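Note that the structure is predicted; figures quoted are calculated from it, not measured. Just so we're on the same page: letters track the sequence lines, and every chain starts at 1.
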There are 2 protein chains.
Amino acid sequence: MSDQKLSARQEAMLEFIDSFMQDNGYPPTIREIGKACDISSTSVVNYNLNKLEREGYLMRDREVSRGLRLANRAFQGSVVRVPLMGRIVAGEPVPVPDGDFSVFGDDEAIELTSDIVDPHDDLFALQVKGDSMVNDMINDGDIVIMRPHRDVKNGDMVAVWLSDREETTLKRIYMEGERIRLQPANPMMGPIYVDDPSVVEVQGRVVAVIRQM
Amino acid sequence: MSDQKLSARQEAMLEFIDSFMQDNGYPPTIREIGKACDISSTSVVNYNLNKLEREGYLMRDREVSRGLRLANRAFQGSVVRVPLMGRIVAGEPVPVPDGDFSVFGDDEAIELTSDIVDPHDDLFALQVKGDSMVNDMINDGDIVIMRPHRDVKNGDMVAVWLSDREETTLKRIYMEGERIRLQPANPMMGPIYVDDPSVVEVQGRVVAVIRQM
DNA sequence: CTTGACTTAGAACGCGCGTTCGTGATATAA
DNA sequence: TTATATCACGAACGCGCGTTCTAAGTCAAG
């Protein structure tokens with residue numbers, strides 16, 4: 001419908017706006033677009049911008065300098081910055097972040113996109129050290145994205161601290177009456193049964209696992 | 001050194017610039033910053049902006065309206081769109097994309113950030129179906145990010161099609177003279193030895209694995 | 001106290017930049 | 001031909017917005 005009604009000039013404008021934003025971090029002015037696309041008059045640029053806006057290729061804020069943004073990038077920009085809190089070792093508890101989380105000044109963090117994790121959660125990331133959790137489909141060097149536990153439901157993949165074994169592990173948790181069953185993610189492995197619920201401390205729920213090579 | 005020399009006003013300015021850019025897609029003006037942070041004079045905003053620039057928190061383009069960008073976000077913005085080609089099943093070969101890759105119009109794709117994968121590679125993603133590769137630390141539902149194989153080096157994690165078994169699997173590959181050794185990622189599992197190299201077809205190299213829950 | 005560095009304030013200058021208007025060229029339809 | 005729509009041009013208007021200058025209020029060191 002509004003397909004390929006783009007003139008060569010309009011297509012050049014879109015491409016220039018995209019690269020300009022990539023280079024400078026802010027949109028170009030009408031005159032900058034005109035100079036880059038060999039358009040002598042600002043009104044022509046304005047005319048084509050209105051046309052592109054009507055066809056949905058971009059959005060404009062009237063009476064605002066550089067007040068335009070590409071529509072393709074509308075749903076982008078939703079990049080979540082997850083602080084990398086440290087490492088998770090089998091013999092140590094999970095370093096859960098303090099109450100106050102400083103958005104700025106995090107030198108170590110991981111950027112994820114919104115289709116992997118929910119941007120509204122207060123997430124934190126941990127890198128797995130050692131291969132003690134290899135039976136839980138977690139390898140050495142993997143990065144686990146975790147959310148501080150609020151409500152633990154049966155079947156959730158959680159990081160638990162077993163105080164009697166002094167060991168941290170990632171398992172699926174099931175409350176079976178008095179007993180707690182910790183099921184490895186690997187279906188070929190058997191579960192762990194804990195009769196005393198007090199030795200199981202749920203540190204957080206695992207939202208995602210990322211392995212780079 | 002340049003640590004916590006930020007006044008409350010400067011911190012508020014940074015936070016406002018960040019949220020403003022998120023909302024509008026372009027940076028605010030000096031007067032917009034002043035109004036949001038209760039600064040009556042434009043020169044004060046200009047003064048603090050210069051200070052923040054000198055300390056490395058942002059970059060300014062002089063004589064340019066809205067000519068500023070946050071330094072933290074300098075390396076961001078590089079969101080890679082990886083097309084999700086389909087599913088990888090143990091009994092079927094990997095659907096490698098055709099030569100022409102259409103950047104636009106991909107309804108199914110995954111967005112990753114540049115610190116997970118290299119934006120310059122021609123990547124594609126596959127979702128693992130079935131738990132036949134559970135011994136390779138790959139679970140049902142996992143998403144593997146792959147790069148079409150160019151040069152396969154020893155130790156690379158690759159997707160191979162074993163024509164004699166009619167099976168696809170993810171293994172680390174090692175050329176040992178005439179013999180090829182396929183090592184599972186799980187160190188508790190033993191390797192597969194293939195004496196006839198013609199039955200091993202390398203489909204691509206695994207760059208990353210993502211598991212969502 | 002005085003001195004000097006740091007921060008805030010207000011006002012004015014002047015170009016930047018979106019907008020609008022009038023005009024004209026081209027094209028397809030009646 | 002005339003009529004209507006689309007697209008392009010140049011000029012002018014006027015507020016937007018970065019810059020600069022002067023002045024003053026802090027605060028710690030001397």
Side-chain angles (χ1 to χ4, degrees), chain A residues 1-21 23-71, chain B residues 1-21 23-71:
Chain A
M1 175 167 296
S2 62
D3 203 44
Q4 210 55 15
K5 294 176 67 176
L6 289 184
S7 66
R9 182 166 271 182
Q10 289 165 1
E11 208 157 338
M13 287 171 59
L14 285 179
E15 195 156 348
F16 170 71
I17 294 172
D18 190 27
S19 70
F20 189 96
M21 283 232 50
D23 290 345
N24 301 303
Y26 48 82
T29 68
I30 284 186
R31 284 173 176 80
E32 286 167 341
I33 298 174
K35 191 178 297 180
C37 302
D38 287 320
I39 303 175
S40 60
S41 177
T42 61
S43 63
V44 177
V45 178
N46 185 51
Y47 169 80
N48 285 289
L49 281 181
N50 283 329
K51 206 156 202 321
L52 287 172
E53 183 191 24
R54 204 176 319 122
E55 311 228 3
Y57 289 96
L58 50 85
M59 297 182 307
R60 297 190 71 188
D61 287 2
R62 308 301 170 86
E63 318 246 346
V64 170
S65 68
R66 307 178 188 272
L68 53 90
R69 55 160 50 169
L70 291 181
Chain B
M1 177 168 296
S2 63
D3 203 44
Q4 210 55 15
K5 294 179 66 175
L6 289 183
S7 66
R9 182 167 270 182
Q10 288 165 3
E11 210 158 337
M13 286 171 60
L14 285 179
E15 197 156 347
F16 170 71
I17 294 173
D18 189 30
S19 71
F20 189 97
M21 282 232 51
D23 291 345
N24 301 302
Y26 48 82
T29 68
I30 283 186
R31 283 173 178 80
E32 286 167 340
I33 297 174
K35 192 179 296 179
C37 301
D38 286 320
I39 304 176
S40 60
S41 176
T42 60
S43 63
V44 177
V45 179
N46 185 50
Y47 170 80
N48 285 289
L49 281 181
N50 285 328
K51 207 158 197 327
L52 287 171
E53 183 192 22
R54 202 174 322 121
E55 311 230 2
Y57 289 95
L58 50 84
M59 298 182 307
R60 296 190 73 187
D61 287 2
R62 309 302 171 86
E63 317 247 345
V64 170
S65 67
R66 306 176 190 273
L68 56 90
R69 54 157 52 167
L70 291 181

Less than 3.5 Å apart, which donor and acceptor atoms pair up between the side chains of residues 42-49 of chain B and the rest of the protein, not counting sequence neighbours?
from, atom 1, to, atom 2, distance (Å)
B:Ser43, OG, B:Ser41, OG, 2.8
B:Asn46, OD1, B:Arg60, NH1, 2.8
B:Asn46, OD1, B:Arg60, NH2, 3.2
B:Asn48, OD1, B:Gln10, NE2, 3.0
B:Asn48, ND2, B:Val44, O, 2.9

In Å, rounded to the nearest 0.5 Å, how long is the span from [atom1] of [X] to [atom2] of [Y]?
X	Y	atom1	atom2	answer
A:Met59	B:Asn24	CE	CG	9.5 Å
A:Ile17	A:Leu70	CD1	CG	5.5 Å
B:Arg69	B:Met21	CZ	CE	9.0 Å
A:Phe16	A:Asp23	CZ	CG	9.0 Å
A:Met13	A:Leu68	CE	CG	8.5 Å
B:Leu52	B:Leu14	CG	CG	5.0 Å

> Looking only at N and O atoms, is any donor in the side chain of B:Arg31 or the base of D:dG18 less than 3.5 Å from an acceptor on the other one?
Replying inline: yes
> Could a donor-acceptor pair under 3.5 angstrom be found where the side chain of B:Arg62 meets the base of D:dG18?
Replying inline: no
Whole angstrom value for the distance that separates [atom2] of [N] from [atom1] of [X]:
X	N	atom1	atom2	answer
B:Leu49	D:dG18	CG	C1'	11 Å
B:Ile30	C:dG14	CD1	P	18 Å
B:Asn50	C:dC6	CG	C1'	14 Å
B:Leu52	C:dT7	CG	C1'	13 Å
B:Asn46	C:dT7	CG	C1'	13 Å
B:Glu63	C:dG16	CD	P	8 Å
B:Tyr47	C:dC6	OH	P	7 Å
A:Arg54	D:dT6	CZ	C1'	11 Å

>> Restricting to non-hydrogen atoms, name the atom on A:Pro27 and the atom on B:Tyr26 that form the minimum distance, rounded to 0.1 Å.
In response: CD-CB, 3.4 Å
> Taking all atoms of both residues into account, what is the closest heavy-atom pair of A:Ser65 and B:Ser65, and its distance?
Replying inline: OG-OG, 3.6 Å
> Using a cut-off of 4.0 Å between protein heavy atoms and nucleotide atoms, how would you tag nucleotides 22-27 of chain D 5' to 3' with B, S and -?
Replying inline: ------
Protein N or O to nucleotides 23-25 of chain C N or O, pairs below 3.5 Å:
none

> How would you list, by chain and number, every residue that makes a salt bridge (charged side-chain N to carboxylate O under 4.0 Å, His left out) with B:Arg54, sequence neighbours excluded?
Replying inline: none
> What residues, two or more places apart in sequence or in another chain, satisfy side chain to side chain donor-acceptor pair (under 3.5 Å) together with A:Glu15?
Replying inline: none
>> Going by salt bridge (charged side-chain N to carboxylate O under 4.0 Å, His left out), name the pairs with one or both residues in residues 33-46 of chain B, residues two or more places apart or in two chains.
In response: none
> Is there a side-chain polar atom (N or O) of A:Lys51 under 4.0 Å from OP1 or OP2 of D:dT6?
Replying inline: no
Atom pairs under 3.5 Å, N or O on each side, protein against nucleotides 9-11 of chain D: can you list them with distances?
from, atom 1, to, atom 2, distance (Å)
D:dC9, OP2, A:Arg9, NH1, 3.4
D:dC9, O5', A:Ser40, OG, 3.4
D:dC9, N4, A:Ser43, OG, 3.2
D:dG10, OP2, A:Ser40, OG, 2.4
D:dG10, N7, A:Ser41, OG, 2.4
D:dG10, O6, A:Ser43, OG, 2.5

>> By the 4.0 Å heavy-atom rule, please label A:Asn48 as base, sugar-phosphate, or nothing.
In response: sugar-phosphate
